[in-house]
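Just so you know, these numbers come straight off a predicted model, no measurement behind them. Naming convention: chains lettered A, B, ... in sequence-line order (proteins, then strands); numbering from 1 in each chain. Just so you know, these numbers use all the heavy atoms, side chains as well, and skip hydrogens, waters and symmetry mates.
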Amino acid sequence: MRVPISWLKEYVTIPFSPKGLGERLLLSGTKVDSIERVHGESVLALEITSNRPDCLSIIGIAREVAALTGGELTVPNVPPLKRRSHLDNPGIGIGHGELVLSMSSVLLDQVTVRQSPEWMRKRLMSSGLRPINAIIDVTNYVMLETGIPMHAFDKDRLDGMLTIRPAMQGEKITTLDGITHTIPEESIIIADSTKIVDLAGIMGGENSGIRTQTSRVLLHVPIYHPLRIRRTSKATGLRTEGSTRYEKNLDLLAPPYVLRRAASLLSQLTGARVASTIQEKVFLPTYPTVIKIAPTFISSLLGKDIPLKQMLKILQHLGFTTLLFNGILKVTVPSFRRDVMIQEDIVEEIGRIVGYHSLPQTLPEGQVPTPPELYQPNVSLAIKQASARFGFTEHYGYTLTSGDLLRTLSLNNTVPLVNPMSKEFDTLRPNMLMSLLPAVALNQKYRDTVRLFEYGRVFRASGAMPDQNYHIGYVSTGESWASFRGRIDAILSACHVVQTENALKQGSIQAVDQKTRRAFGISVQVWYCELPAAILTESLAQPWKVRPIPIYPPLIHDLTFVLLKSVQMSEVMTAIRKTCGKILWDIELLRTFAKSAEKTAYTFRLTYQAQDRTLQESDIAPLEEKMLKELKI
Amino acid sequence: MTSMDDLTKLTSDALADIAGANGRELPAVRTRYLGKNGILTRATKQIARAPKEERKTLGIKINEVKHTILAALKEQETALTSQHTAIDTTVPGTKHTVGHLHPITHIVEEAREIFASIGFVMVDGPEVELDSYNFQKLRLHKDHPARDTQDTYYIAQDVLLRTHTSPMQIRYMETHKPPLRAIFPGRVYRRDQIDATHLPGFFQLEGLLVDHKTSLSELIGVLHYFVQRLFGQERKIRVYGHYFPYTEPSIEVEMRHSDGRWMEILGAGMVHPEVLTNCHIDPTEFRGWAFGMGPERLAMLKWEISDIRSFYNGDVRFLEQFS
C-alpha cells in the first residue's frame, strides 16, 4: 500500500518527518518497506498484514497516525445523495445470496467523460495507479481513500437487468485489459441478459467498461464473499488492487458511505446526476462485536500496568467505543475491524500503540518443567563430535533430489512430491549418499582429499506417512580403504559400539560404484558408509564398560593365517573371538600379504589376558588349535 | 702480594669475563685465569710468600675461587652449545587434519545451551507432516490468505513437507501438561522459485512456553536474553507489532547489525487461545508464548556470511572455517 504523505495530511496532522512517521508506524505494526520520493514528495511504501484490510486505505492509515499522536482524524463528510422520486432501481439482481455480503449501487446520468483534475491524477500516480478518465479515476481514488473497491459500468452497453451469479463451466470473459479468460467454475460473475460483463471482484469486462462517449454510469459498490474472490484470483493468476482487498474481511457497513463519496466526486467532476433509487443491501447480520475485558487482564498479559485513561484514549482513537462498568470494560468493535474478536485482540491494540519497547523485559518466573526429554542425553551432538574428531567435516545437503537420477541408480520405494518446482528437486532423498555426492563433486576441483559426513533424515515410502528416520553418512576421497575403515571404526568406538562389524552390517560400507560416480561427475574413488543413527543412539545410551587394568602381564602372539580370498575378514575375526572368549583382550590386523592369486596371508596380533593369573603358552595352545580348526586351516 | 680482597675482586672479574664471552672467546678466558700463567695460577704460587698464619685461609679461598670459576665456565659452555643446536621454534609444524561441525549445528547447539540455562528442553519432530498439524490446528484453515506466504510441497492429500517448525508446538502441547518450556529446531520447506535467497529447504528454530502466568514482557525478556547471549551484551533489539494467525498479540523482533541497519530476526507472540484449546489446554488457566527464528539468518549475521547457499553446497573451503 503506497501512501503519499501529502494525501495522508488531509485527514490527520502529522508532526513527524517522513522517517519519523515511518518508524512510529513500524513500531505499531504497519511495516514500512521504503520511503520514496515521487513527483517531488514523500511516499511511504507500506506492507499491510492480511488481517488489517482497513489499513489498505489512506483513511485507515490516518486513523493509525491519530491513535499514535492522540490527534484527530478528519473523514470527508459527504452529504446524502439527492434522491429523485419516481425512479427505478439501478437494475442489479443478486442470484445467490451468499455471494454478496453487502452492496450499494446507483445509476448516474448526464455524465461527461473527461480527464480527472491534476490533484487527483497526481495522487493516483504517487499511489502507483495510472489515471485514465474521471470516472475510472474516481472509482480508484475512492478505493484507495476508503479501502473499498467498486466498479463503474456504462449503462448503455448493458442489456437489461444485471444478475450476480456463480459462473458455470466453460464460460468466458474478455477483461478490460483485452485478455480472454475461461472463468473458473463457481467464480462470481455479473451478467446481463445477453453476456457476462464482470469477473466480479477481479476485473470488469471490456464489453461494459467506460468509454469517452459514456453518458450513463451504473456505480456498483459490493462486498463479495472473500473466499470465492481468492480462489478465482489464484486460479486465473489475476491480482488487482481490487481483488487484494476483496479477498479480506472488509467493512460490511461501508458501501453506503463509499457510494455517496464516489457519486459526490463524480457529480463535481463529470456533471453526473442521480438517475435511480439507491440500492442498499446488507445481507450478513452485522451486530457489533462487544468484548468484555478487565483492564487488569490487559496489564497482566502485557506485563506492565497501563493507566486506564491511556487505554481508553487509545481505543477511542482507533475507533472503538468503550464503556466502563463495575471495573469491567465493554469495548464495542467498529465495523471496519473484523479482525478484533477476542480479549487478546484488545490487548494487542493497547500494546502496539503504547509500544512494546516500553514493556519491562523479564525472564520467566514460573517453575522449570522436568519433562522426560530432559533426561535424555544429547546424542546427536555426541555423534557429530565423534565424527569430526576423526577427520570428517559436517555437511548439510538438500533433502530433495531428482527422481530421474534415483531411477537411473535403481533406487526404489522413494517419496516423490506431488507439486515440485523443478525436476532437480522433485523427490525426497532415500539415503544420505544423494546429498553427499554433490558435495564431493564440487570439492574435487579444489581438494584431493575430501571427508564429509551428514546427519539427517532419509525418506522411504511406507503407507500413508513415509518413514523419515535419521541416518548418518560418511564419504571420503584421497585415502586408502584401511585409513577410511579405521576412521569409521574409531567413530563407532567413540559412540560406545563394541562390535563394529555388527553395527556396519545394519548399514552399508563400500566404494561408490562407477555408475553412481559418473552420474554425479565424480572421477576419483569414493569410500562411503551409511548407518541408521538409531544404532549409535542406542549404543551411546549404554554406559562405558570400563574394564579394570589387569595386574597380570598379557601374552601376545602374532599369528599368520593363509586363507582363500573368498573368506571374509568378518568371518575370521568372529571365529577367533568366539573361540577365545573373554581371554582375548585385543586383536589387531598387522599385515596383509597376497600370497598367490587365490590366497592371502593375514598377520594378526592377538593379546591374551587373564584377570586372575599370568597366562602360559600351555593355556593358549589348545585355543589356537581350535581356532585353526574353526577356520579350516 | 695477593690478599683476600684481591681474591674477591678476581672472582667477580672472572665471572664477568665468563658471562661476556662467546663460544670463541671462552677458551681464552679459561686460559687467562686458569692457564699456566693464569691470574689464579700465579696467585696460587704466591701462597708460599704469604705469612705462615694466613697461608691456610688463603689456600682455602683460592680453592673456592677455582671451583667457582670452573663451574661458571661449565655453565657458560653448556649454554653456548645448546644455542648452536637450538630448534627454530618459529617453523610451522606438521598439519594435523581435523573435522569441522557445520555452522548451523553451532547455532543450534548454542541455542540449546542458552535456552537450557532458562529451563527449556530441545525436542525434534517430523519433517513430513500432516496438514492438520502444519496449518489447521494453528488456525491456518484452507483458503487462509496467510497461507499464500507459505507455499507448500505436498506428497499426498493432506500430507506435506512442513513449512515451519510451528507444528511442533501442537505436537508438544498435545503430549505434555503445562507448565512447559521447549525449543524445536529442524528443517522446513517452502515451494518457491529457487534463487540466491530462496532455497527448497532451510532451517527454523521454534520456541514455546506455557504456564499459569506469563506475559509479553517475559517473551520479550527471553528474546532479548537470547540475542545478547548469542551476539553480545551490548546488542540492541527493537520490537514491533505484526500478525500471525496462531499468536495474539504478535510481534516481530529486529536486531541492530554492526553496520547500523535493523535486521528482522524472528517472529513471536502470545499463543492464540484457540490454539491452546486445540491442544486441550484451558486458556483461562494457562497462557503461553511462542517464537520462530532462522538459524541460517542468525549465522549470516553472526559471521557476516552473505550467500545463504553457502550452507548447503558443501564447499569445504567454507565449512572448514568453523570449529
Side-chain angles (χ1 to χ4, degrees), chain A residues 26-29 49-51 227 230 247-248 300-304 342 344-345 347-348 351-352 356-357 359-364 366-369 371 373-374 381 384 387-389 391-400 415 417-419 421 425 439 442-443 446-447 450 452 457 465-466 468, chain B residues 97-102 104-105 109 118-119 121 123 126-128 143 145-146 153-156 159 176 179-181 187 191 193-194 200-201 209 211-218 220-222 224-225 238-243 248-249 251 270 272-273 287 311-317 319-320:
Chain A
L26 171 74
L27 292 174
S28 64
T49 49
S50 56
N51 62 326
L227 284 185
R230 201 175 131 74
E247 283 181 358
K248 298 169 178 134
S300 149
L301 201 64
L302 291 176
K304 181 183 183 191
I342 56 174
E344 282 79 357
D345 294 319
V347 177
E348 181 168 68
R352 68 187 185 86
Y356 296 116
H357 55 268
L359 296 180
Q361 292 174 3
T362 55
L363 289 179
Q367 271 206 334
V368 174
E373 289 87 348
L374 198 60
L381 184 64
K384 290 182 183 193
S387 308
R389 195 184 314 154
F392 291 90
T393 290
E394 188 178 13
H395 171 53
Y396 278 37
Y398 293 118
T399 43
L400 289 167
V415 185
L417 297 178
V418 159
N419 58 341
M421 274 302 271
F425 299 114
L442 183 125
N443 285 304
Y446 316 112
R447 295 293 163 84
V450 178
L452 298 169
R457 291 182 192 271
M465 288 286 278
Q468 35 183 334
Chain B
T97 51
V98 66
H100 306 263
L101 293 184
H102 196 278
I104 292 177
T105 298
E109 290 303 319
I118 47 173
V121 75
V123 179
E127 291 171 32
V128 177
D143 293 316
Y153 283 121
Y154 281 87
I155 65 168
V159 181
H176 295 75
L180 47 90
R181 300 183 192 181
R187 279 197 199 241
R191 189 177 180 276
Q193 203 67 45
I194 295 156
L209 180 147
D211 210 332
H212 295 280
K213 181 174 185 278
T214 186
S215 68
L216 212 55
S217 294
E218 280 189 4
I220 297 172
V222 167
H224 197 194
Y225 171 69
R238 75 176 176 187
V239 180
Y240 51 83
H242 197 57
Y243 169 68
E248 190 68 37
I251 56 172
M270 305 303 288
H272 197 285
R287 53 172 87 136
F311 296 107
Y312 297 99
N313 61 21
D315 196 326
V316 292
R317 296 172 302 173
L319 298 173
E320 280 170 358

Over all heavy atoms of both residues, which pair between [X] and [Y] is shortest? Give the atoms and the distance, please.
{"X": "B/A156", "Y": "A/V418", "value": "N-CG2, 4.1 Å"}
{"X": "B/Y243", "Y": "A/S50", "value": "CE2-OG, 3.5 Å"}
{"X": "A/S300", "Y": "B/S215", "value": "O-CB, 3.3 Å"}
{"X": "B/V316", "Y": "A/N443", "value": "N-OD1, 2.9 Å"}
{"X": "B/V239", "Y": "A/L27", "value": "O-CD2, 3.6 Å"}
{"X": "A/G366", "Y": "B/D211", "value": "CA-OD2, 3.4 Å"}

Check whether any side-chain heavy atom of [X] lies under 4.5 Å from a side-chain heavy atom of [Y], and answer yes or no.
{"X": "B/P249", "Y": "A/L301", "answer": "yes"}
{"X": "A/M465", "Y": "B/V159", "answer": "yes"}
{"X": "A/Q361", "Y": "B/Y225", "answer": "no"}
{"X": "A/R457", "Y": "B/V128", "answer": "no"}
{"X": "A/P371", "Y": "B/L180", "answer": "no"}

(Q) Distance alone, cut at 3.5 Å: any donor-acceptor contact between the side chains of B/E127 and A/T399? (A)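 Short answer, no.
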*asked:* Between B/S217 (side chain only) and A/P360 (backbone N and O only), is there a donor and an acceptor less than 3.5 Å apart?
replied: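 Looks like yes, one N/O pair under 3.5 Å.
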When [options] are compared by non-hydrogen pairs under 4.5 Å with chain B, the top option:
{"options": "A/V347, A/V368, A/L381", "answer": "A/L381"}
{"options": "A/L359, A/T362, A/T49, A/L442", "answer": "A/T362"}
{"options": "A/V450, A/D345, A/V415, A/I342", "answer": "A/D345"}
{"options": "A/A439, A/S28, A/A388", "answer": "A/A388"}

Check whether [X] gets within reach of chain B through its side chain, its backbone, both or neither, counting any heavy atom under 4.5 Å.
{"X": "A/Y396", "value": "both"}
{"X": "A/L452", "value": "side chain"}
{"X": "A/Q468", "value": "side chain"}
{"X": "A/L363", "value": "both"}

Q: Verify side-chain contact (heavy atoms from CB on, under 4.5 Å) between A/E394 and B/I104, making sure each step is shown before the conclusion.
A: CA-CA 10 Å; A/E394 188 178 13; B/I104 292 177; over 6 Å; no
Inset, instruction - Determine whether more than 12 heavy atoms belonging to other residues, nucleotides or ligands lie under 6.0 Å from atom CD of A/E373. - result: yes
* Decide yes or no on side-chain contact (heavy atoms from CB on, under 4.5 Å) for A/M421 and B/Q193, but give the supporting numbers first. => CA-CA 7 Å; A/M421 274 302 271; B/Q193 203 67 45; 3.3 Å; yes
Heavy-atom cut-off 4.5 Å, strictly under: side chain, backbone, both or neither for [X] against chain A?
{"X": "B/H242", "result": "both"}
{"X": "B/V123", "result": "side chain"}
{"X": "B/H212", "result": "neither"}

**Item:** side-chain contact (heavy atoms from CB on, under 4.5 Å) assessment of A/K384 paired with B/E109
**Value:** CA-CA 11 Å; A/K384 290 182 183 193; B/E109 290 303 319; 5.9 Å; no
Checklist entry - So how far is it from B/D315 CG to A/T393 OG1, rounded to the nearest 0.5 Å? => result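 So the gap between those two atoms works out to 11.5 Å.
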CG of A/L302 to CE of B/M270, rounded to nearest 0.5 Å, is 9.0 Å
message = Between B/I118, B/N313, B/L216, who has the most heavy-atom pairs with chain A when the cutoff is under 4.5 Å?
response =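 With the most close heavy-atom pairs to chain A, the winner is B/L216.
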Query raised in the report: Taking 4.0 angstrom as the limit, do A/E344 and B/R287 come out as a salt bridge?
Result: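 Salt bridge flag = no for B/R287 with A/E344.
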request  = For side-chain contact (heavy atoms from CB on, under 4.5 Å), just list the numbers for B/R191 and A/L417, CA-CA rounded to whole Å, side-chain angles, deciding distance to a tenth of an Å, and then say yes or no.
outcome  = CA-CA 11 Å; B/R191 189 177 180 276; A/L417 297 178; over 6 Å; no
